[in-house]
Amino acid sequence: MDTGLSRRGLFGAGAAAAAILVGAGPAAASPGTSRMTLRWWGNNGWEVRVEDKTILIDPWLTRFKTGTYTPAGADPQTPLSVNRELIDGYLDRGELRADHILVTHGHYDHLSDVPYLAKRTGATVFGTETHLSLMAALGAPEDQLAVASGGEDLTFDGYSIRIFRSLHSATGPRARVPFPGSRPLSRRDRPRVIEDLVEGGTLAYQVTGGGASVLNFGGSNYIESELAGVRPDVVCLPVGGAKVTQYVPRLLRTLGNPRYVAATHWDDFDLPLGQAHDPNGGLDTLREAVTAASPASEFVVLDHLGTFVP
Ligand SMILES: [Zn+2]
């Protein structure tokens, strides 16, 4: 893709700073006092900054067109691409860095920029065996890839990462996982189109540091029993979940009604970074469910590159 220059033009230094609320709703959530800063990079791309450390979750800046939000749905034969010019711009200006990159599942809108970001940043990357197989085949440096199964609780310099077995969104009347499948680490044929990036299991991640914790789900489903006793300050919750029994109230009850619920995976990613648009009202549905289930929680909606301190 060769649209990096125009996209970069959209994001002058000034435009990147604002954390703004999109659409109707309550005033922007009141910031906390931790030394953690969250920045939303669109879709389920989150940057967790704790002092001088940066953890990225599902970073996907390229956002190529697939038709996901058309009646026909995503074209499975859409070629994979990485907008290196766009990514290089953020990295070279020091606006993006990474010590860890956490991958929730293998789909193109979560994983496809990670191999290049890993190579450029030197970050350690967590994912399942399938995710690592896909990323290695896409050129990620293999000595940076760390396999996870869910259940890990790991401490690094200044922050900790807890990994949970989780579930992908179940979509359509049959509650199916799109592009299902797995592959062994030994398989190295290069993925070419979006259906080659199979789900490969789904993980959730909690990052704790700087006096706060954030729990991220990359799909609108979860395993309740895995989350017993987990008490994050922020939960990043995807829109959707219509087929999941009591999707929002059951989760928030299990997590002890977190102070902040940050909407994620709600924007039309056929549009470039900088154009956060809710294609089908998912945000309003999520906001209403959160307000009904946990009225004391603050519902946080950021614009692309918006930041928030829990
Ligand atoms: Zn997915």
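Just follow the structure's listing: the first ligand is 1, and inside any ligand the first atom is 1. Residue numbers run from 1 in the order of the sequence given. Side chains included, hydrogens not; waters and symmetry mates left out as well; all remaining heavy atoms used.
A ring-centre distance under 6.0 Å is not found for Tyr205 and Trp46.
Of the charged side-chain nitrogens involved, none lies within less than 4.0 Å of a carboxylate oxygen, so that Arg63 and Asp113 do not count as a salt-bridged pair.
Aromatic ring orientation, His100 versus Phe126: parallel (interplanar angle below 30°, classes split at 30° and 60°).
Thr68 and Thr66 share a donor-acceptor pair across their side chains, judged by distance under 3.5 Å alone.
By the criterion of a separation under 2.8 Å, the protein N/O/S atoms near the Zn ion (ligand 1) amount to His105 NE2, His107 ND1, His168 NE2.
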Could you walk me through whether His304 and Asp267 pass side chain to side chain donor-acceptor pair (under 3.5 Å), step by step?
CA-CA 9 Å; His304 287 172; Asp267 53 321; 2.9 Å; yes
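Of all heavy-atom pairs spanning Pro191 and Ala137, the tightest one is CD-CB, 3.7 Å.
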